[in-house]
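Proteins come first, then strands; the chains are lettered A, B, ... in the order of their sequence lines, and each starts at number 1.
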Amino acid sequence: MRRWAMPGVAALLAERLQSAFDTLAPGSDPVLRPSDRADFQANGALALAKRLGRHPVEVAEAVVAAARLDDLCERVEVSGPGFVNLFLSASFVERSTREMAADRRLGIEPAAIPERVVVTYSHPNVAKEMHVGHLRSTVIGDALCRMLGHLGHDVVRENHIGDWGTPFGMLIEHLVDVGEEMAIAELSVGDLTGFYQSARASFDGDGAFKERSRRRVVLLQSGDAETLRMWRVLVEHSIAYFDEVYAKLGVLLTDDDVKGESFYNPMLPGVVADLDAAGLLVKDAGALCVFPRGFTNREGDPLPLIVQKSDGGFGYAATDLACIRDRVDSVRATQILYVVGAPQSQHLRMCFEVARMAGWLPDRLRVEHVAFGSVLGADHRMLRTRAGTSVKLVDLLDEAVSRAAEAMAERDRDADLAPEERQAVARALGIGAVKYADLSTDRVRDYVFDWDRMLSFEGDTGPYLQYAHARIRSIFRRAASEASATGHSWADESAVPASAIVIRDPQERALGLTLLGYAAAVHSAVEESSPSKLCAYLYSLATTFTSFYERCPVLRAPDETTRRSRLALVDTTARVLAEGLGLLGIEAPARM
RNA sequence: GCCCCCGUAGCUCAGCGGAUAGAGCACCGGCCUCCGGAGCCGGGAGCGCAGGUUCGAGUCCUGCCGGGGGCGCCA
């Protein structure tokens, strides 16, 4: 079932164990796991013993006898009820760490068979403010895109913005009322809330306005040129605003990724016609519906997916179905990831099921709802402002940066940083803290938004990882300055070759072993669409590094061989931290 | 009422059917002639409840309790 091969040292071990298990029973799973009593353990003997009707310990011993592991392990033992404990040899760790250090890609091989993965995320609405609800989708989607891309997949980003539908009657009429100049000014400064709410207020309080809005929707649907022109004004200025937020957030999305609801609008009649031709359409209470298998409503009756409303308008389900067809037929996706909040789970499952029933979605194609929970405030309720409104995303990001700047000023470490550089670092820290807090917890759970915790330099936070990275970079700065004073030749970090790595001290071994887990961490994060897996790995690398650093002097190592080795080890650590954070969309400044 | 998600230490979270359930914060106690102490080392304390499957369950299944969300013309 594993879609991507297990990478790194674990792969080698798994291969060897597999052949050993195959001698006893072809195809049985070695069940290789990292272990806290060894480097790895293989638990497959227990299940196999059951199947063969033999003693587990005896099976484990047979596996050990059959396995060729002498070049990888210094010790292999059978323990407990039948576990095989594997202790890697220092020479293997050393060899592997050197290979990784010498590899520009740090041991991550590009996929042999690249997938074309559509990732749909962010999804703000035109003329509506972006709020924390968009934060998670944008940040998680961005990290997934970066990781998939790094693994060599062909990533197609799609931003399914809300740029069509009945609210536009109201929004366009409001544009008419306030005048285009005024409207553009309002949208350009990012006061989308003001614009939307004024329109809403007129709609709710003014019967004539409401009627105009209704007629305007019809004009929009029928393609009236002037209406479309005004619609475009709203869309374009909103997108310009979204771009500002994306720039502030530091994500990959661009205008080219926008594929809003309006894009699919021309395809909707075809969706309905083809569903009808397939015999799936049922008229129910005036609406055209499909009843996917396995879904019922509160009365226990089949639950419909409404594709065309009784007034003739298309439901959003029609658009979502058109999306699937477009992504399969035109984009030629081999995978589709929906980075959408957990509440839409049922709706998406229904859409996927209908698409399958209609034959639009091949069974082999992986379609996944990458669901995520809500952002909660300290009171464990949906995050809101004191006034009870949803928090503007830009305000939140600005606060993150100013809080980070304060924290820097308090500490005053790199006092000689130029003002622009300071500001850039504050942005990296503040935005990084917000992103890391979001990405590091299991995405499907709700998470509690807490400024003090996420901006802390202690514990599992973005700033802590950035700090670990900056500390390593400072070693090389110092090395360089000492070299210019003493004439040492090893100062330049690029001058320390990977082959200099020697593994002797237990802390060196621990660091090397942790480094070697990098590729596996990225793969599992991608396989499970869970950036938190990569976060957990980077955090363990950072803590392993600080333990190492406490006990293993680098620049003051006892001898030149050790010093060069540790410089190479530590440089590799910094590269992994920087690249890993980069894959999460988080910057790693050299100083802070 | 039905469906989905969540429930692990005081708090915030990890735990891919495997051994004694791990971190961080907070708390307590150590380590400073410290290459960035925003650090390192150590300590106490926990799987919502009840059944079941399994050689083995925090993990899988069933029921219950608690929290959140969804359930026909909004997206």
Side-chain angles (χ1 to χ4, degrees), chain A residues 31 33-37 41 43 46-47 49-50 56 79-83 85 123 125 160 162 164-167 261 284-289 294-301 303-311 313-317 319-320 341-347 349 371 373-374 376 380-382 407 410-411 413-414 437 440-442 444-448 450 452-454 456-461 463-464 466-468 470-479 482 524 527-528 532-533 535-536 539-540 543 546-557 563 566 570 591-592:
Chain A
V31 194
R33 297 285 134 90
S35 172
D36 50 350
R37 345 189 130 198
Q41 58 177 321
N43 304 332
L46 289 133
K50 177 81 177 164
S79 154
F83 301 111
N85 286 342
H123 320 135
N125 292 307
H160 189 80
W164 201 254
T166 47
E261 289 162 13
D284 194 89
L288 295 176
C289 310
F295 296 90
T296 55
N297 68 5
R298 68 193 87 198
E299 272 81 43
D301 301 325
L303 191 61
L305 192 66
I306 295 175
V307 290
Q308 192 162 12
K309 301 184 283 186
S310 52
D311 67 0
F314 296 103
Y316 53 89
T319 307
D320 287 333
Q344 290 195 51
S345 161
Q346 180 174 266
H347 167 71
R349 285 197 339 264
S374 309
L376 306 180
H380 285 219
R381 308 185 60 124
M382 299 279 280
E410 242 170 69
R411 176 150 168 272
R413 168 63 70 171
D414 285 318
S440 60
T441 165
D442 179 19
V444 79
R445 294 173 55 143
D446 295 347
Y447 86 94
V448 178
D450 182 332
D452 292 334
R453 194 166 48 243
M454 74 177 72
S456 167
F457 291 82
E458 292 163 18
D460 189 8
T461 69
Y464 174 82
Q466 289 167 320
Y467 172 65
R471 261 177 112 185
I472 298 174
R473 287 292 161 234
S474 86
I475 296 172
F476 289 97
R477 278 194 300 277
R478 177 175 285 260
E482 284 178 7
S524 80
E527 278 172 44
E528 296 167 50
S532 68
K533 303 281 177 192
C535 293
Y539 180 63
S540 78
T543 55
T546 47
S547 297
F548 160 88
Y549 197 43
E550 196 75 14
R551 292 209 196 78
C552 298
V554 176
L555 296 180
R556 297 175 193 178
R563 175 156 53 192
R566 289 179 181 171
V570 138
R591 306 174 69 191
M592 54 192 269

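- As rounded to whole Å, 11 Å separates atom C1' of C74(B) from atom CD of Gln344(A).
- As a whole-Å value, the separation of Leu305(A) CG from G70(B) P is 18 Å.
- You'll find the side chain of Cys289(A) reaches within 4.5 Å of the side chain of Asp284(A), heavy atoms only.
- Distances shown here put a side-chain N or O of Arg445(A) below 4.0 Å from the OP1 or OP2 atom of G7(B).
- Nearer to the 5' terminus of RNA chain B, by closest-nucleotide assignment, is the contact made by Ser79(A) (compared with the other of Ser79(A) and Ser456(A)).
- Ring-base stacking between Tyr316(A) and C74(B) is not satisfied when judged by a centre separation under 5.5 Å and a plane angle under 30°.
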Derivation and outcome, side chain to side chain contact (heavy atoms under 4.5 Å, CB included), residues Ile306(A) and Tyr316(A): CA-CA 8 Å; Ile306(A) 295 175; Tyr316(A) 53 89; over 6 Å; no

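- If you take CE on Met454(A) and OH on Tyr447(A), they are separated by 5.5 Å, rounding to the nearest 0.5 Å.
- Separation of the C1' atoms belonging to G66(B) and C28(B) is 33 Å when rounded to the nearest angstrom.
- Note on Arg477(A): a base of the nucleic acid sits closer than 4.0 angstrom, heavy atoms only.
- Not counting sequence neighbours, the partners of Ser345(A) by the side-chain hydrogen bond (donor to acceptor under 3.5 Å, both in side chains) test are Arg349(A).
- Nucleic acid contact class of Asp284(A) (heavy atoms, under 4.0 Å, all strands): base.
- Remark: G24(B) base-pairs with C11(B); criterion is Watson-Crick or G-U wobble with both hydrogen-bond distances under 3.5 Å.
- Residue Gln346(A) has its side chain nearest to G70(B) when only G70(B), G18(B), C40(B) are considered.
- A donor-acceptor contact under 3.5 angstrom links the side-chain atoms of Arg33(A) to the base of C16(B).
- Base pairing of C2(B): its partner is G70(B), meeting the Watson-Crick or G-U wobble criterion (both donor-acceptor distances under 3.5 Å).
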Candidate pair Phe314(A) and Leu288(A), rule side chain to side chain contact (heavy atoms under 4.5 Å, CB included), full reasoning: CA-CA 9 Å; Phe314(A) 296 103; Leu288(A) 295 176; over 6 Å; no

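- Remark: C35(B) base-pairs with no nucleotide in the shown strands. Criterion, Watson-Crick or G-U wobble with two distances under 3.5 Å.
- Spacing between atom NZ of Lys309(A) and atom C1' of A75(B) amounts to 10 Å, rounded to whole angstrom units.
- The listed nucleotides are C73(B), G68(B), A19(B); the one nearest the side chain of Arg37(A) is A19(B).
- Counting any heavy atom pair closer than 4.0 Å across all strands shown, Ala287(A) reaches a base atom.
- Closest to the side chain of Glu458(A), from the set A26(B), C5(B), C35(B), is A26(B).
- Closest approach to the Ser547(A) side chain among A26(B), C41(B), C13(B) is made by C41(B) (side chain taken as heavy atoms from C-beta onward).
- Between the C1' atom of G15(B) and the CD atom of Glu528(A) lies a distance of 12 Å, rounded to the nearest Å.
- Heavy atoms of Ala49(A) sit nowhere under 4.0 angstrom from any nucleic acid atom.
- Within the 4.0 Å cut-off from OP1 or OP2 of C13(B), not a single side-chain nitrogen or oxygen of Thr441(A) is found.
- Pair assignment for C49(B) gives G63(B), based on Watson-Crick or G-U wobble hydrogen-bonding distances that are each under 3.5 Å.
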Thr546(A) and Arg471(A): CA distance, side-chain angles, deciding distance, side chain to side chain contact (heavy atoms under 4.5 Å, CB included) verdict: CA-CA 10 Å; Thr546(A) 47; Arg471(A) 261 177 112 185; 3.3 Å; yes

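- Side-chain N/O atoms of Glu550(A) and base N/O atoms of G39(B) include a donor-acceptor pair closer than 3.5 Å.
- Picking from A14(B), C73(B), C13(B) the nucleotide with the shortest atom distance to the side chain of Val448(A) gives C13(B).
- Within the nucleic acid shown, Arg453(A) comes within 4.0 Å of sugar-phosphate atoms alone, with no base atom in reach, counting heavy atoms only.
- Using N1 to N3 plus N6-O4 or O6-N4 for Watson-Crick, or N1-O2 and O6-N3 for G-U wobble, each under 3.5 Å, A19(B) pairs with nothing.
- Across all strands shown, Cys552(A) has heavy atoms under 4.0 Å from base atoms, whether or not it also approaches the sugar-phosphate.
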Derivation of the side chain to side chain contact (heavy atoms under 4.5 Å, CB included) call for Gln466(A) and Thr461(A): CA-CA 9 Å; Gln466(A) 289 167 320; Thr461(A) 69; over 6 Å; no

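- Minimum heavy-atom separation, Lys309(A) to Gly315(A): CG-N, 4.3 Å.
- Going from the C1' atom of A14(B) to that of U54(B) covers 25 Å, rounded to whole Å.
- Closest heavy-atom contact between Phe457(A) and Ala407(A): CE1-CB, 4.1 Å.
- Nearer to the 5' terminus of RNA chain B, by closest-nucleotide assignment, is the contact made by Gln41(A) (compared with the other of Phe548(A) and Gln41(A)).
- Within the 4.0 angstrom heavy-atom criterion, only backbone atoms of the sugar-phosphate kind lie near His380(A); the bases stay farther away.
- Put simply, Ser474(A) has no side-chain N or O that comes within less than 4.0 Å of OP1 or OP2 on C35(B).
- Note on Asp450(A): nothing from the nucleic acid sits closer than 4.0 angstrom, heavy atoms only.
- For U54(B), there is no paired nucleotide, since no Watson-Crick or G-U wobble pair has both relevant distances below 3.5 Å.
- Rounded to the nearest 0.5 angstrom, Thr441(A) OG1 and Asp446(A) CG are separated by 9.5 Å.
- Counting atom types as modelled, Asn85(A) pairs a side-chain N or O with a base atom of A19(B) as donor and acceptor under 3.5 Å.
- Straight-line distance from the CG atom of Asp446(A) to the C1' atom of G66(B): 15 Å, rounded to whole Å.
- Of the side-chain N and O atoms in Lys533(A), none sit less than 4.0 angstrom from OP1 or OP2 of C16(B).
- Anti is the glycosidic conformation of G42(B), whose angle departs from 0 by more than 90°.
- In this structure, Arg551(A) reaches the sugar-phosphate backbone alone: every heavy-atom distance under 4.0 Å involves primed, P, OP1 or OP2 atoms, never a base.
- Side-chain proximity of Pro553(A) to G70(B), C35(B), C73(B): nearest is C35(B).
- Note: CG (Asn43(A)) to P (A19(B)) measures 8 Å, nearest angstrom.
- Across all strands, Ala285(A) comes closer than 4.0 Å to base atoms (heavy-atom distances).
- Taking the 5.5 Å centre cut-off and the 30° plane limit, the aromatic side chain of Phe83(A) is classed as stacked on A19(B).
- Using a 4.0 Å heavy-atom criterion, one finds that Met592(A) contacts the bases of the nucleic acid, with or without backbone contacts as well.
- For Phe457(A) and C40(B), the CZ to P distance is 15 Å, given to the nearest whole Å.
- Between C35(B), A75(B), G39(B), one nucleotide has an atom nearer to the side chain of Arg471(A) than all others, and that is G39(B).
- U53(B) sits 13 Å from U59(B) when the C1' atoms are compared, rounded to a whole Å.
- Candidate nucleotides C3(B), A75(B), C40(B) were compared by shortest atom distance to the side chain of Tyr464(A), and C40(B) ranks first.
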